[in-house]
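Have a look at the structure below, then the notes.
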Amino acid sequence: MSFFGKIFGLKNTTRNNKLPEFIKLRQFENSLEELLAKDLFIARKDYKYLENDFTELYSTFKELQKTDTLEHFCTKNEIDKNRICSFINNFSDLSNPQGSSLIKKHNDEFIKNHLVKDKNYLDNILKKVDPNINLDNEQRTVILSDEDHMLVIAGAGAGKTTTVAAKVKYLVEKRGIKPEQILVISFTNKAVGELRDKINKALKINCPVTTFHKTGYAILRRQETERMTIVNEGFMYNVINNYLKGNILENPELVDKLILFFGSYFDAPYEGDDLNDFFNYISKSDFSTLRGNIGKYTEEIINKRTGKRISISHETLRSQQEVRIANFLYMNGISYVYEKPYPYNILRSRKPYTPDFTIIQGDKIAYIEHFGITEDGRNNRYTEKELERYKKEVNDKVTIHKEHRTDLIYTFSSFKDGCDLIVHLKEKLIRLGFVLEPRSPKEVFEMIVSTEENKYISKLVKLICSFIQNFKTNGYTLDDFYKFRIHSGNERTRLFLIICEQCYHEYSKRLKEKHAIDFEDMINDSARIIREEEIKGKKLDFKYIIVDEYQDISRQRFNLTKELGKLCNAKIIAVGDDWQSIYAYAGSDITLFTKFCESFGYGQELRITKTYRNAQEIINIAGNFIQKNNAQIRKALISSKHISNPVIIKTYTENVDRSLYNGKGGKFYLIGKTVENVMDDILKENPKSSILLLGRYGFDGYNLCRSADFKYDDRKGYLWSEKYNAVYLNFMTVHRAKGLGYDNVIIINARNDMYGFPSQIQDDPVMRYVVNTDRTIEYAEERRLFYVALTRTKNRVYIITPQQHPSEFVLELINDNPNICIQGELNYHNKNEVVTKRCPICGYPLQLRYKKTYGLKLWICSNEPEICDFMTNNLNGEDMSIIKCDKCRDGYLIVKESNDRNKKPFLGCTNYRQDKTGCNNYMTQEIYRMQHFHPQ
C-alpha cells in the first residue's frame with residue numbers, strides 16, 4: 001500500500017434546523033457544556049458546527065435585542081433573559097475570526113494541567129533516542145497543542161527536529177493516531193534524512209517522511225499508468241538553448257523581436273532615483289554593442305608608450321542609450337566610429353573634441369551627440385549649477401558644428417513629444433539624406449549564434465530558465481503571460497515575455513514528447529489532481545501533515561499543502577523560522593510564513609525560543625541585527641551558554657607591497673593569511689575544534705585556495721591548510737550551511753563589493769513578476785542570510801573583512817555593539833560606498849576601457865562628459881586627468897610614476913622616449929591643481 005493509504009467516501013451529516021427556539025437554545029448550552037467538559041485540546045473544527053447550526057437562532061435573538069423586544073419575547077415564552085444574553089455572548093465569542101477567548105481559556109487550562117499530568121511521560125519521551133534530551137516547556141506546549149493550523153516558530157538551534165519527533169510520538173502513543181496517518185514533509189533530502197533518523201529509525205515509528213517533490217510524484221503515480229521520466233533544470237537549459245540557436249529561425253516574426261531585444265533592450269536601463277543604486281548599475285554594466293559582440297569589430301590599437309598592438313575585442317560605450325544608437329546604426333547599414341576626434345582643432349581645449357559618433361555613408365559624413373538630459377533640460381541627478389554647465393556645453397558643441405559647417409544630429413534622454421530617441425534619430429538621419437539599409441534579422445541572428453563566446457544567447461537562456469522555473473513555482477499558467485504583458489508599460493518587458501512564452505511552449509512540447517515531468521510540475525499537477533479528487537467527494541486518510549522548514553514555502557507548495565489538508569480533513573503543523581528565510585530566488589514567499597493565520601484563514605502561533613547551539617551573547621548580537629527589519633516576527637531567544645568575545649572581526653589591508661604576494665594568489669593570499677591567523681587562535685584554545693568556513697558564493701572557497709596556503713576539493717567541500725594539514729576544515733556557502741552547527745565559524749568574504757556580503761547583485765527587472773522580493777528593508781534577504789551565517793557557530797564567529805572596503809553589515813554590527821572585538825584597523829568612512837573606484841572629481845563610478853584616441857587603456861568617468869570628462873591611465877595620479885601636451889603636436893600628458901618612491905606621480909608626455917629623446921614636457925600635481933580648478 002502506498003503511503004497515501006485508502007481513499008474513503010465523504011461523510012454527510014444533516015442537522016435538524018427546524019426546532020423551536022428554546023429547544024435549540026438548550027441544545028447549544030448542552031453542546032457547549034459537553035465540549036468544554038472534554039479533557040482535550042479544542043481546535044476550531046471541533047466547535048465550528050456550533051456556529052453553523054445556531055446562526056439562525058443567533059440572528060433571531062440579536063434582532064430582538066436590537067429592536068428592544070427581547071424582554072417581551074422572554075416573558076411571553078417564559079425564557080430567562082440571562083440565558084439568551086449568555087448565548088449571544090458565547091456565540092459571538094465562538095464566531096470571532098481571531099479565535100474564541102472561551103476556547104482559549106479551556107485550552108490554556110488543558111496545557112497547564114497536562115504539563116503536570118504528563119510530566120513523567122514528556123520527561124522520557126525521547127530518552128531512548130538520547131538520554132540527554134530534556135524538552136523545555138515551550139516544546140512541551142507544542143506537543144500538547146492541537147489546533148487545525150499550527151505555526152511553530154523555532155529559533156536557530158532551538159531543537160526543531162527534536163520537537164517534531166516528539167510530536168509524532170505523542171500523536172501515536174497518546175492520541176491513537178496511526179503512523180501511516182501522519183505525513184511529514186520537508187524540502188531537501190538532507191532534512192528528510194535527519195527526520196527519518198529520529199522518527200523512523202530511532203523511534204521506530206513508520207510514518208511517511210518525504211520531500212514535496214516525492215509527495216507530488218506519488219500523487220501523480222496514482223493517476224499515471226506509465227512511469228514518467230523526471231528531468232532536472234539541465235534539460236530545460238538544453239531545450240531552450242537549442243531552440244534559440246536553431247528552431248526559432250522557423251518563426252521570422254519572433255527572430256525580429258529577438259534581434260530588437262538584443263539590439264535595444266538586452267540590458268535593462270536603470271529606472272529609479274537613488275544615486276547609490278545608479279552607481280551600482282553603472283559599475284556592473286559593460287554597455288557593449290551588437291557590432292562588438294558578434295565578431296565584426298576587431299580593430300587594433302597601438303599603445304603609444306610601448307608600441308604594443310592591442311586588440312579591441314568589442315566596443316564598450318558610456319551608456320545604455322548610446323548602445324541603442326550604435327546598434328540602430330549597425331542594424332541599418334550605417335558605418336560609424338565611436339568617439340573619433342573631430343577633424344578641427346578647438347582653441348584652448350585641454351582635450352581633443354570627440355563627438356559620440358562619426359557616421360559615414362558614401363561621401364556623406366555627419367556627427368551624432370547624445371545628451372543625457374531631457375529635451376527641456378532636466379536630469380534629476382544634477383544640481384541647477386551642473387545643469388547650467390551641461391546646457392552651456394550642449395550649446396558650445398552645436399556652435400562648433402555650425403562654425404565648421406558640419407552636420408550634427410543630437411538626441412536627448414527623452415523628448416517633449418514622448419517619442420523614443422530612436423524615432424527622432426531615424427527622422428534626422430533621413431532628413432540629412434542617409435539611406436537606411438536594414439540588415440536581415442536572420443543574417444544578424446546567425447552571426448550571433450555562430451560567434452564564439454557571445455554574451456547574448458547564454459545569458460538570455462539563463463534568464464528565461466530562471467523566469468520559467470519561478471513562473472511555475474508560483475503556480476502561474478499560460479494565461480498569465482498575457483496578463484503580465486497587458487499590465488506592463490515597458491517595451492523591454494513585453495518583448496521578453498513574448499520570447500519567453502514561445503520558449504515555454506517549446507519546453508512544454510519537449511516534456512510531452514519525452515513523457516517527462518520537471519520538479520515544478522510535480523507539485524502543480526499533484527495539487528490540481530487533489531482539487532479534482534476533492535470535487536469528486538473523495539478523501540485521503542491522513543490526520544496530520546507536518547511541514548518542516550516552512551520558512552522556505554513557495555506558493556505552489558503552499559497550495560499543495562492546503563489542498564492535501566482539505567482532501568484529508570487533516571491538521572497542518574508548520575515548523576520553521578522566518579529569520580532564516582533565504583530562498584526567494586527559488587520561489588519561496590516569506591509572507592506565507594509571517595502571515596500564516598491569514599493564509600490559512602485562522603490558526604495558532606507557538607514559539608520555541610530556547611536555543612541549544614549559540615551562546616546568549618551571539619543570540620543578542622544576531623537577534624538585534626535581524627530584527628532591524630520590522631516585518632520579521634519578534635522573538636527573544638534564550639540560551640544557558642555564555643562566551644566572551646562572541647564575534648571577532650579580523651581585518652586585513654590591501655595597501656601592502658605587492659611583491660610580498662606576487663605568485664602566491666594575489667589579493668587572495670591576504671585573505672588566506674588572515675584565515676590562517678584566525679585558525680591559530682581557534683586551535684590554540686581547542687586543538688580539536690571543528691571549523692566551518694562560510695562564503696557568500698561557491699567561488700569564495702575556490703578564491704581562497706588560489707592562495708598557496710590552501711587547497712580545496714569543490715566537489716566535497718573539503719579544505720586543507722598547508723600549515724594545519726591534519727585539521728578538518730569544511731567550506732560551504734551560507735545557503736548550504738543552513739541547519740548545521742560547528743564549534744567555530746569563519747566568514748571569509750565580508751566585503752563591500754558586488755560579489756561581497758551583502759551581495760549587491762540585482763535581479764533582472766523582469767524577474768519581479770515571478771520572484772517575491774522582500775523590500776521591507778534594504779538587503780532584506782541578505783540580512784537573513786547573514787543571520788544564518790552568524791548562528792552556525794557553537795562558540796565564536798570570526799568575520800574576515802578588508803580594512804579599505806568592509807561590509808556594510810560588519811560596520812552595522814560595530815555601530816550597534818561598541819564592545820565588539822576588532823582585530824586590525826577599519827575605514828569607517830566607506831560605510832555607504834557602493835563601488836570601489838570612483839571619479840576623484842565628481843564621485844561617479846569609473847569604467848576601465850580602451851580609448852582609441854589615446855591608444856591607452858583608461859579609467860574613464862561614467863558621468864556625462866559635459867559635466868565631467870575625467871580620465872586617467874593610472875589611479876595613483878588621484879585627480880590628475882589626461883590633457884593635451886602644450887609643447888608638441890600630438891602628445892598627451894599622462895600619469896607617470898617616478899623611480900623615487902618618495903616623489904609623487906606626475907603628468908608626462910606620451911612622446912617622451914626611454915632614450916630620453918622626444919618631448920620631455922611634464923607637470924607636477926601641484927601645478928596641475930593650480931591650473932585646473934575642479935568645481936564640486
Q) What residues form a salt bridge (Lys or Arg N to Asp or Glu O under 4.0 Å) with Lys462, not counting sequence neighbours? A) none
Q: With sequence neighbours left out, write down each residue that passes side chain to side chain contact (heavy atoms under 4.5 Å, CB included) with Thr733, or none if nothing qualifies.
A: His735, Arg736
Q. Is the centre of the Phe481 ring less than 6.0 Å from the centre of the Phe471 ring?
A. yes
Q) Within the side chain of Arg751, is there an N or O that forms a donor-acceptor pair under 3.5 Å with the backbone of Ile800? A) no
Q | Set of residues satisfying side chain to side chain contact (heavy atoms under 4.5 Å, CB included) with respect to Ile498, sequence neighbours excluded | A | Leu254, Lys257, Arg485
Q | Any donor-acceptor pair under 3.5 Å from Thr801 side chain to Thr651 backbone | A | no
Q | Asn470 (side chain) donor-acceptor with Gly587 (main chain) under 3.5 angstrom | A | yes
(Q) Quick one: does any side-chain atom of Asn815 pair with a main-chain N or O of Leu811 as donor and acceptor, under 3.5 Å? (A) yes
Q: Could you check whether the rings of Tyr697 and Phe699 sit parallel, tilted or perpendicular, using 30° and 60° as the cut-offs?
A: parallel
Q.
Under the criterion side-chain contact (heavy atoms from CB on, under 4.5 Å), I'd like the reasoning laid out for Ile409 against Phe357: C-alpha separation, chi angles, the key distance, then a yes or no.
A. CA-CA 10 Å; Ile409 295 172; Phe357 299 93; over 6 Å; no
Q. Quick one: are Val398 and Tyr410 in side-chain contact, heavy atoms under 4.5 Å?
A. yes
(Q) Can you tell whether the side chains of Glu782 and Arg696 come within less than 4.0 Å, N to carboxylate O? (A) yes
Q: Please state whether the rings of Phe467 and Phe484 are parallel, tilted or perpendicular, taking 30° and 60° as the class boundaries.
A: perpendicular
Q: Find the distance between CG (Leu258) and CG (Leu244) and round it off to the nearest 0.5 Å.
A: 6.0 Å
(Q) For the CG atom of Asp578 and the CD atom of Gln580, what is their distance to the nearest 0.5 Å? (A) 9.5 Å
Q) Any side-chain donor-acceptor pair under 3.5 Å between Thr374 and Lys416? A) no
(Q) Looking at Asp879 and Arg929, is there a salt bridge between them, counting it only when a charged N and a carboxylate O are closer than 4.0 Å? (A) yes
Q: For Asn327 and Thr289, test the side chains for any donor-to-acceptor distance below 3.5 angstrom and give the result as yes or no.
A: no
Q. Do Arg784 and Trp579 touch side chain to side chain, with heavy atoms closer than 4.5 Å?
A. no
**Q.** Thr411-His424 side chain donor-acceptor pair, cut-off 3.5 Å
**A.** no
Q. With no hydrogens and no angle check, do the side chains of Arg783 and Gln632 hold a donor and an acceptor under 3.5 Å apart?
A. no
Q. Which heavy atom of Ala631 sits nearest a heavy atom of Thr776, and at what distance?
A. CB-CG2, 3.6 Å
**Q.** Short N-O contact, Lys397 and Glu866, less than 4.0 angstrom
**A.** yes
Q) Excluding sequence neighbours, so at least two apart, what forms salt bridge (Lys or Arg N to Asp or Glu O under 4.0 Å) with Asp376? A) Arg378
Q.
Is there a side-chain contact between Ile799 and Phe786 in this structure, where contact means two heavy atoms from C-beta onward sitting under 4.5 Å apart?
A. yes
Q.
With a 6.0 Å cut-off (strictly less than), is the heavy-atom count around NZ of Lys428, excluding the residue itself, greater than 12?
A. yes
Q) Say you draw a straight line from NZ of Lys837 to CG of Leu875; how long is it, rounded to the nearest 0.5 Å? A) 6.5 Å
Q) Between the side chains of Glu864 and Asn379, is a donor N or O closer than 3.5 angstrom to an acceptor N or O? A) no
Q. Does one side chain, of Glu322 or His370, offer a donor that lies under 3.5 Å from an acceptor on the other?
A. no
Q: Answer yes or no: is there a donor N or O on one side and an acceptor on the other, between the side chain of Asn490 and the main chain of Thr493, under 3.5 Å?
A: yes
Q: Could you go through the side-chain contact (heavy atoms from CB on, under 4.5 Å) check for Asn624 and Asp816 one step at a time?
A: CA-CA 9 Å; Asn624 289 337; Asp816 294 342; over 6 Å; no
Q. So, does Asp869 use its side chain to make a donor-acceptor pair with the main chain of Pro865 at under 3.5 Å?
A. no
Q. Are side-chain heavy atoms of Leu858 and Ile882 found at a separation under 4.5 Å?
A. yes
Q: Answer whether the closest heavy-atom distance between the side chains of Tyr336 and Ile368 falls below 4.5 Å.
A: no
Q: Might you work through the side-chain contact (heavy atoms from CB on, under 4.5 Å) test for Arg555 and Tyr476, ending with a clear yes or no?
A: CA-CA 10 Å; Arg555 177 60 61 178; Tyr476 292 125; over 6 Å; no
Q. Relative to the ring of Phe371, is the ring of Phe412 parallel (under 30°), tilted (30 to 60°) or perpendicular (over 60°)?
A. tilted
Q | Asp589 side chain to Ser554 backbone, donor-acceptor under 3.5 Å | A | no
Q | Residues Glu778, Lys628: salt bridge by 4.0 Å N-O rule | A | no
(Q) If you compare all heavy atoms of Thr316 against all heavy atoms of Tyr338, which two are closest, and at what distance to 0.1 Å? (A) O-CE2, 4.1 Å
Q) Between Val734 and Ala789, which heavy-atom pair has the shortest distance, and what is it? A) CG1-N, 3.7 Å
Q: For Ser759 and Tyr755, indicate whether the former's side chain and the latter's backbone hold a donor-acceptor pair under 3.5 Å.
A: no
Q) Is the charged tip of Arg381 near the ring of Phe278: under 6.0 Å from the six-membered ring centre and within 45° of its axis? A) yes
Q) Is the gap between the ring centers of Phe279 and Tyr844 under 6.0 Å? A) yes
Q.
I need the Ile464 CD1 to Ile240 CD1 distance, nearest 0.5 Å.
A. 6.0 Å
Q.
Please give me the minimum heavy-atom distance between Phe287 and Ser319, naming the atom from each residue.
A. CD2-C, 3.7 Å
Q) When rounded to the nearest 0.5 angstrom, what distance separates CD1 in Ile867 from NZ in Lys385? A) 11.0 Å
Q.
Can a side-chain donor-acceptor contact be found between Asp753 and Gln760 if the only test is distance below 3.5 angstrom?
A. no
**Q.** Side chain Asn874, main chain Asn876, donor-acceptor under 3.5 Å
**A.** yes
Q | Cys839 side chain near Leu846 side chain, heavy-atom distance below 4.5 Å | A | yes
Q. Excluding sequence neighbours, so at least two apart, what forms side chain to side chain contact (heavy atoms under 4.5 Å, CB included) with Glu825?
A. Gln803
(Q) Testing the 3.5 Å rule here: is there a donor-acceptor pair between the side chains of Glu781 and Tyr583? (A) no
Q: Specify the closest pair of heavy atoms between Phe757 and Ser807, including all atoms of both residues, with the distance to one decimal.
A: O-OG, 2.5 Å
Q. In Å, rounded to the nearest 0.5 Å, how long is the span from CG of Leu421 to CD1 of Ile325?
A. 5.5 Å
**Q.** NZ/NE/NH1/NH2 to OD/OE distance under 4.0 Å, Arg318 and Asp356
**A.** no
Q. Parallel, tilted or perpendicular for Tyr382 and Tyr390, by the 30°/60° rule?
A. tilted
Q | Residue list, side chain to side chain contact (heavy atoms under 4.5 Å, CB included) with Arg494, at least two apart or on another chain | A | Ser488, Glu491
Q.
Between Val766 and Arg492, is there a side-chain heavy-atom distance shorter than 4.5 Å?
A. yes
Q. Side chains of Arg350 and Lys884: closer than 4.5 Å at any heavy-atom pair?
A. no
